[in-house]
Trainee: 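I have a structure here, written as C-alpha cells, and I will follow up with some questions on it.
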Amino acid sequence: MKYRVIPVDTRQPEVVQLLTSLQKACLPHDKIYPITKGHWYVAYTQDGEAVGFAGVVPSSRWSDTMYLCRAGVVRAHRGRGLQKRFIKARIRKAKALKMNWVISDTNQNPASANSLIAIGFKMFEPSQPWGLKTALYWRYRIKHAV
C-alpha cells in the first residue's frame, strides 16, 4: 500500500478534530497532546484514509532545537515505515527552520526507539530530564550546507 505524509494546518478545526481522533486511536492510554503550536503531519492511504499523525514543536529549553512531541500509526498500518517517514518529514521542517538539533524521548517503546536509531538519532542524558523516570532521550544533529 502507498501512503502520503502531508503537513496539515492546525488552524482548521477539522484538522484539530482529526489529529485528536488519531491520537485517541493510536495512543488510547495517553493524554491528548495539545495541537496548538508547532507543525503537524498526517499519513493518508491511497484511498484517503488517515492512518497516522506526527508533530514537532520548538523545544522549551533550547532555541536551536525542535522536539518530536507526538506520533502514532493506526495498528493495522504499523510496520510499513510510516514512523520513519514522519521522523524524516519533521527533520526536514527543523532544517528549513534553521534549527541545529531535533530531540525526542521514548518510554518503553522499542519500535519508536528503533525508528529513531535507524534515522541516526543518538541517546543522550539531558541535565534536566523532562519525561518519566523510565524515559530514554534522543537527539539528532542537523547538518547544514556551508
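Just so it is clear, the structure is predicted and the values come from calculations on it, not from any experiment.
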Trainee: Check L136, T134, L68 against T106 for a side chain to side chain contact (heavy atoms under 4.5 Å, CB included) and give me the one that passes.
Mentor: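 The side chain to side chain contact (heavy atoms under 4.5 Å, CB included) with T106 is passed solely by L136 among L136, T134, L68.
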Trainee: Would you check if P7 and W40 make a side-chain contact, meaning some heavy-atom pair closer than 4.5 Å?
Mentor: no
Trainee: Kindly give the heavy-atom pair with the smallest separation between Q83 and V73, and that separation in Å.
Mentor: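 Of all heavy-atom pairs spanning Q83 and V73, the closest is NE2-CG2, 4.1 Å.
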Trainee: Would you call the rings of Y140 and F121 parallel, tilted or perpendicular, taking 30° and 60° as the class edges?
Mentor: tilted
Trainee: Going by heavy atoms in the side chains, are Y33 and L19 under 4.5 Å from each other?
Mentor: no
Trainee: When you measure from the side chain of R85 to the backbone of Y3, do you find a donor-acceptor pair of N or O atoms at a distance under 3.5 Å?
Mentor: yes
Trainee: Contact between V8 and H39 at the side-chain level, heavy atoms closer than 4.5 Å - yes or no?
Mentor: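 Not touching, per the 4.5 Å side-chain cut-off.
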Trainee: Do N100 and I142 have side-chain heavy atoms sitting under 4.5 Å apart?
Mentor: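 N100 vs I142: side chains apart.
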Trainee: Which atom pair, heavy atoms only, marks the closest approach of L82 to V5?
Mentor: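 Here L82 and V5 meet closest at CD2-CG2, 4.2 Å.
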Trainee: Taking all non-hydrogen atoms of both residues, which atom of A118 and which atom of K84 are closest, and how far apart?
Mentor: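 Smallest interatomic distance, heavy atoms only, reads CB-CE, 3.6 Å.
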Trainee: Check whether any side-chain heavy atom of L97 sits under 4.5 Å from a side-chain heavy atom of M66, and report yes or no.
Mentor: yes
Trainee: Apply side chain to side chain contact (heavy atoms under 4.5 Å, CB included) to residues W62 and W101 and explain how you reach the verdict.
Mentor: CA-CA 9 Å; W62 300 285; W101 296 93; over 6 Å; no
Trainee: Where do R70 and R90 come nearest, in terms of heavy atoms and distance?
Mentor: O-NH1, 3.4 Å
Trainee: Please test I117 against W138 for side chain to side chain contact (heavy atoms under 4.5 Å, CB included), starting from the C-alpha separation and ending with a verdict.
Mentor: CA-CA 9 Å; I117 291 166; W138 305 91; 3.6 Å; yes
Trainee: Taking all non-hydrogen atoms of both residues, which atom of L22 and which atom of A50 are closest, and how far apart?
Mentor: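 Nearest pair, atom of L22 first, then A50: CD2-O, 3.8 Å.
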Trainee: Applying side chain to side chain contact (heavy atoms under 4.5 Å, CB included) to E125 and Y137, what does each step give before you reach the verdict?
Mentor: CA-CA 6 Å; E125 291 186 39; Y137 297 94; over 6 Å; no
Trainee: At their closest point, which heavy atom of S104 faces which heavy atom of Y67, and how far apart are they?
Mentor: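 Shortest heavy-atom contact: CA-CE1, 3.8 Å.
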Trainee: Determine, step by step, whether K88 and I119 satisfy the side chain to side chain contact (heavy atoms under 4.5 Å, CB included) criterion, reporting the C-alpha distance in whole Å, the side-chain angles of both residues, the deciding distance to 0.1 Å, and the verdict.
Mentor: CA-CA 8 Å; K88 289 176 183 177; I119 301 299; 3.5 Å; yes
Trainee: For the side chain of S115 and the backbone of A111, is there at least one donor-acceptor N/O pair under 3.5 Å apart?
Mentor: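 Yes, S115 side chain to A111 backbone: donor-acceptor pair under 3.5 Å.
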Trainee: Let me see the working for F86 and Y41 under ring pair (Phe, Tyr, Trp, His ring centres under 6.0 Å), right down to the final yes or no.
Mentor: CA-CA 7 Å; F86 279 136; Y41 300 83; 7.3 Å; no
Trainee: Decide yes or no for H77 and E49: does some side-chain heavy atom of the first lie under 4.5 Å from some side-chain heavy atom of the second?
Mentor: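 Counting from C-beta outward, H77 and E49 do come under 4.5 Å.
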Trainee: With a 4.5 Å heavy-atom cut-off, do T20 and I35 have their side chains touching?
Mentor: yes
Trainee: Would the distance check show the side chain of S112 and the main-chain N or O of N109 forming a donor-acceptor pair, the cut-off being under 3.5 Å?
Mentor: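 Checking the backbone N and O of N109 against the side chain of S112, no donor-acceptor pair under 3.5 Å is found.
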